[in-house]
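This report refers to the structure that appears directly beneath it.
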Amino acid sequence: MASQGSGAPKKASLEGLEAKWDTAWAEQDVYRFDRTAKRPEVFSIDTPPPTVSGSLHVGHVFSYTHTDTIARYQRMTGKNVFYPMGWDDNGLPTERRVQNYYGVRCDPSLPYEAGFTPPGKEGLGADGKKLKQQVPLSRPNFIELCSELVAEDEKAFEGLFRRLGLSVDWSLLYETISDSSRRTSQLAFLRNLAGGHAYQQEAPSLWDVTFQTAVAQAELQDRDQPSAYHTLKFTRPDGSDLMIDTTRPELLPACVAVVAHPEDERFNQLEGQTITTPMGVEVPLRLHELAQPDKGTGVAMICTFGDTTDVTWWRELNLPSRAVINRMGRFTDEIPEVLTGEGRALYEQMVGKTVFSGREILVNTLTEAGSIVGEPRKITHPVKFFEKGDKPLEIVSSRQWYIRNGGREDALKAALVERGEQINFHPSYMRARYRNWVENLNGDWLVSRQRFFGVPFPVWYALDDAGEPIYDTPLVPDEDQLPIDPSVDVPAGFTEDQRGEAGGFAADPDVMDTWATSSLTPHIAAGWADADGGLFDQVYPFDVRPQAHDIIRTWLFSTVVRSHFENDVAPWRNAALSGWILDPDRKKMSKSVGNVVVPTDLLEQYGSDAVRYWAASARPGTDTAFDEGQMKVGRRLAIKMLNASRFALGMGVSVDSLQSPVTEAVDRSLMARLATLVDDCTAAFDDYDYARALERAESQFWIFTDDYIELIKDRAYGEGSSTSADGTESAHAALAQTLDTLLRLFAPFLPFATEEVWSWWRSGSVHTSGWPSASALRDIAGDTADPAIMALAGAALTELRRPKTEAKRSLKTRITSATITVPASERSRLEAAMADLVDSGNVDAYEITEGDELGVVAVLEPEPA
RNA sequence: GGACCGUUAGCUCAGUUGGCUAGAGCGCUCGCCUCACACGCGAGAGGUCACUGGUUCAAGUCCAGUACGGUCCA
């Protein structure tokens with residue numbers, strides 16, 4: 001047996017515990033994952049990799065604490081916990097931060113420049129003034145700067161998480177932009193391609209003109225925008241007017257048809273007839289059930305493309321394409337051939353203009369010509385935006401990569417819904433979010449992005465004799481070559497000088513959507529692509545994916561898709577959803593609102609255990625108000641833990657006391673309650689309900705300190721009026737058992753305070769000491785232990801204190817005589833506790849009578865003169 | 001418009017198969033330096049369980065509906 005601890009100190013404090021124990025845990029490898037453990041002995045966590053380019057946020061502290069309590073619980077039950085950390089340093093947020101931080105802009109056409117010095121740092125130039133212009137630089141240079149900056153950000157995150165006491169195994173750290181992650185992304189993509197699950201297509205897709213990239217359905221956001229209806233005068237075959245309302249008159253040159261509802265008797269007899277637009281173009285009138293008879297005049301114009309309904313009409317009605325908006329969000333100089341005469345002259349004025357200016361030109365011209373009638377009528381309506389963008393999305397036709405997700409195939413959709421059924425959601429109602437999302441998908445997952453800092457598609461195209469890419473048969477590398485950058489590496493059978501030449505080859509220019517990498521976090525963390533000595537089989541499918549509920553449709557779903565294709569299994573058995581932090585006014589905390597609280601200050605002020613207590617008090621999945629009051633409560637709890645332990649250990653309780661018998665009725669009652677508590681906490685943790693476990697443990701803890709310790713104090717000191725040596729030994733044994741049990745139960749929540757106390761009298765770490773056993777406590781309590789004795793004794797103690805408080809006397813005031821009334825059914829319990837009550841209540845003499853309610857009538861000793 | 005969550009003390013929240021007088025913390029009031037803790041301790045006040053109807057011997061809890069708040073998605 002290892003030597004026991006150094007004993008309780010004279011004064012205890014929380015200050016400095018974080019640094020002390022973080023260092024000790026690291027030195028002792030307390031959280032190290034055991035690579036020899038078999039899968040059934042493992043508990044694996046698919047940790048969310050935080051976006052390191054964002055600022056530190058109290059939300060990080062919140063949700064990561066939830067996961068850590070689960071990890072610590074599982075570790076104590078004997079599981080080998082696979083708890084990695086990852087940094088999400090891939091994607092748009094990093095790109096944007098690098099641009100602003102260094103004052104640079106990526107221009108992929110430029111060559112690499114060795115030893116490049118950026119114009120500034122932290123958004124400031126060498127002269128200390130704010131950077132205004134962005135210097136263009138090559139993609140490799142840009143990526144170098146990205147890596148440089150994220151390295152700094154990652155240090156700050158690791159510092160925060162260590163101080164918070166996350167029990168991650170830091171040797172398992174991964175980064176989403178590392179070679180290994182890029183290899184994983186590319187390998188999974190090539191497998192998807194080979195399996196027919198990935199494909200590319202030239203199709204209309206939502207396009208962000210600011211970021212110059214296509215965006216996926218999952219990244220869309222509807223925002224209410226001011227707009228206006230204009231009434232345009234089209235012409236029927238008989239020369240009469242056909243009025244059409246539109247909020248996007250500037251798309252008139254892209255009009256390919258007009259549409260009405262099949263059952264709208266005002267228009268359905270016009271089906272197939274030719275209508276002339278105000279720009280003199282002849283288009284057919286078609287019928288489709290998505291046309292809304294009650295909207296505008298009941299007839300709409302179909303343009304390629306104003307919104308996603310246009311795309312549906314275009315596809316289902318087999319209409320021609322007449323694109324006028326280019327990728328810059330401006331009117332193209334490729335003038336549609338159908339435009340002639342005045343219509344063509346009007347469009348020529350719009351060429352190169354933005355949507356907004358083009359609209360002004362068209363509206364003015366047509367109003368003057370009498371083709372727009374009446375005043376524009378202002379409305380507010382929802383418009384699609386990229387969630388990170390601030391300009392409305394346009395729809396442009398482009399060649400993009402897709403991964404199938406059931407949006408176009410019912411069988412796949414059903415299979416993915418079924419995968420969701422195989423995952424236990426915590427709380428369970430979160431499953432509905434998953435199911436709703438999957439069932440309502442209407443397109444495949446667009447995974448290509450026209451960006452720079454990301455994982456490139458590992459694909460080239462052979463060029464035909466005219467220098468045009470042959471898209472149908474992409475050239476791919478061997479799997480063991482990965483990762484590759486097709487803009488640098490050369491496909492087999494070609495040489496670098498054939499790049500871009502007719503008969504040569506060209507690289508796919510795009511990078512993958514950030515979710516295309518994030519959807520592989522289980523594979524990345526477990527080294528799937530690295531053939532890493534069986535680690536993958538040791539941990540996959542994972543036990544749990546912890547994450548926030550707002551990214552069920554993105555991160556959670558896309559991970560299910562990848563695992564479905566690659567492994568034919570759900571990626572985890574459980575999904576634990578955490579809520580959001582709200583500020584005290586119930587608004588979601590976000591940087592733009594300016595209500596973000598910096599977590600490092602909180603950890604400093606209240607201590608990590610206190611902040612963890614606040615986080616762990618929040619029910620799984622519920623949005624929670626930021627509440628410093630709860631942190632004060634947590635701090636009080638942690639301090640109390642130190643002091644109560646100091647009391648017990650200070651009177652001779654030691655590790656040996658754990659071997660002594662618990663004989664007194666009051667003590668046995670407490671043991672019985674502890675056994676129930678262990679059962680409750682175990683059940684709660686098994687259901688991922690850390691908050692319930694904490695609440696139960698806390699409530700028993702305060703009964704222990706406020707009632708039990710007060711009751712048995714004199715007996716424990718060996719000073720009670722009728723105390724025997726056995727009674728004292730029993731109190732010591734009960735104190736030791738309680739301390740032992742409570743330290744273990746609180747270890748997932750207050751890892752620092754519990755470890756500190758553990759070190760005073762035990763060897764090793766409380767975090768690897770094992771979860772307490774309810775049956776062992778029941779054995780100690782004995783069959784006849786009565787948990788109600790403690791409850792009654794506590795209530796009786798309150799009754800004995802009340803007369804003193806009401807008389808405004810000190811609690812040490814002696815009661816010269818007391819009459820205690822007790823219900824007959826409780827009498828034996830009271831008598832069992834009476835010896836301790838006499839001592840703790842300073843009662844000189846008493847008698848017991850039976851009555852309806854527990855109560856005390858007391859005569860106090862006279863006040864000293 | 002659809003789905004989901006919520007509404008219990010001034011505030012933040014518990015209340016698990018329906019079952020004693022609905023609980024906790026904070027805040028508030030009044031006290032107490034009691035040999036673990038004044039970063040503490042004790043006692044107390046404070047609730048029409050959103051509303052309406054139903055099931056039941058019994059409803060904060062189950063059912064139906066309404067209102068309000070919130071989240072996700074259209």
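Per chain, numbering begins at 1; letters A, B, ... match sequence-line order.
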Given atom [atom1] of [X] and atom [atom2] of [N], what is their separation to the nearest angstrom?
X        : N      : atom1 : atom2 : result
A:Arg553 : B:rA3  : CZ    : P     : 19 Å
A:Leu800 : B:rU34 : CG    : C1'   : 15 Å
A:Leu637 : B:rC26 : CG    : P     : 12 Å
A:Asp307 : B:rA74 : CG    : P     : 14 Å
A:Asp294 : B:rG1  : CG    : P     : 14 Å
A:Ile709 : B:rC41 : CD1   : P     : 11 Å
A:Phe701 : B:rA24 : CZ    : C1'   : 16 Å
A:Leu811 : B:rC32 : CG    : C1'   : 6 Å

With A:Ser645, the side-chain contact (heavy atoms from CB on, under 4.5 Å) member among A:Leu742, A:Val653, A:Leu739, A:Leu735 |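 Running side-chain contact (heavy atoms from CB on, under 4.5 Å) over A:Leu742, A:Val653, A:Leu739, A:Leu735 with A:Ser645 returns exactly one hit, A:Leu739.
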Rounding to the closest angstrom, what is the interatomic distance between [N] and [M] at atom [atom1]?
N      : M      : atom1 : answer
B:rA64 : B:rG18 : P     : 16 Å
B:rG60 : B:rG31 : C1'   : 35 Å
B:rC57 : B:rG10 : P     : 35 Å
B:rG15 : B:rC49 : C1'   : 11 Å
B:rC51 : B:rA38 : P     : 45 Å
B:rC20 : B:rA58 : C1'   : 12 Å
B:rU12 : B:rU55 : P     : 36 Å
B:rA24 : B:rU66 : P     : 36 Å

Given [options], the nucleotide with the shortest approach to the side chain of [X]:
X        : options                : result
A:Ser810 : B:rA74, B:rC37, B:rU34 : B:rU34
A:Trp437 : B:rU12, B:rU71, B:rA74 : B:rA74
A:Arg636 : B:rG15, B:rC26, B:rC37 : B:rC26
A:Asn436 : B:rA3, B:rC41, B:rG15  : B:rA3
A:Asp550 : B:rA74, B:rC72, B:rC32 : B:rC72
A:Ile639 : B:rU71, B:rU12, B:rC39 : B:rC39
A:Asp706 : B:rC72, B:rG42, B:rC73 : B:rG42
A:Arg433 : B:rG15, B:rC30, B:rC72 : B:rC72
A:Lys640 : B:rG42, B:rC37, B:rU71 : B:rC37
A:Thr798 : B:rC41, B:rC4, B:rA43  : B:rA43

Taking only side-chain N and O atoms of [X], does any of them lie within less than 4.0 angstrom of OP1 or OP2 on [N]?
X        : N      : answer
A:Arg435 : B:rA3  : no
A:Lys11  : B:rA38 : yes
A:Arg802 : B:rG44 : yes
A:Lys384 : B:rA74 : no

What do the steps show when you test A:Tyr688 against A:Asn424 for side chain to side chain donor-acceptor pair (under 3.5 Å), and what is the final call?
-> CA-CA 10 Å; A:Tyr688 290 78; A:Asn424 295 313; over 6 Å; no
Is the cationic atom of A:Arg545 (NZ for Lys, CZ for Arg) positioned less than 6.0 Å from the six-membered ring centroid of A:Trp555 and within 45 degrees of its normal?
->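 Judged by the rule (NZ or CZ under 6.0 Å from the ring centre, within 45° of its axis), A:Arg545 counts as positioned above A:Trp555.
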Tell me the partner of [N], counting only Watson-Crick (N1-N3 plus N6-O4 or O6-N4) or G-U wobble (N1-O2 and O6-N3) with both under 3.5 Å; none if nothing fits.
N      : result
B:rG18 : none
B:rA50 : B:rU66
B:rU29 : B:rA43
B:rA24 : B:rU12
B:rC35 : none
B:rA59 : none

Touch check for [X], heavy atoms < 4.0 angstrom, all strands: base, sugar-phosphate only, or nothing?
X        : value
A:Lys713 : base
A:Ile552 : nothing
A:Arg696 : base
A:Glu698 : nothing

Do we see a donor-acceptor contact under 3.5 Å between the side chains of A:Gln225 and A:Arg223?
->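 No donor-acceptor contact under 3.5 Å links the two side chains.
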Side-chain donor-acceptor pair under 3.5 Å between A:Ser730 and A:Asp667, yes or no?
->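 Yes, because at least one side-chain N or O of A:Ser730 sits under 3.5 Å from a partner of the opposite role on A:Asp667.
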Please say whether more than 12 non-hydrogen atoms of neighbouring residues, nucleotides or ligands are located less than 6.0 Å from NZ in A:Lys632.
->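 Count not over threshold, so no.
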Which residue lies toward the 5' end of RNA chain B, A:Phe647 or A:Glu806, if each is placed at its nearest nucleotide?
->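 Result of the comparison: A:Phe647.
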On RNA chain B, nearest-nucleotide positions of A:Thr805 versus A:Glu853: which is more 5'?
->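 Between the two, 5'-proximity favours A:Glu853.
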Measure up the [X] and [Y] rings against each other and bin them: parallel (under 30°), tilted (30 to 60°), perpendicular (over 60°).
X        : Y        : result
A:Tyr73  : A:Phe685 : parallel
A:Phe704 : A:Tyr708 : parallel
A:His66  : A:Tyr690 : parallel

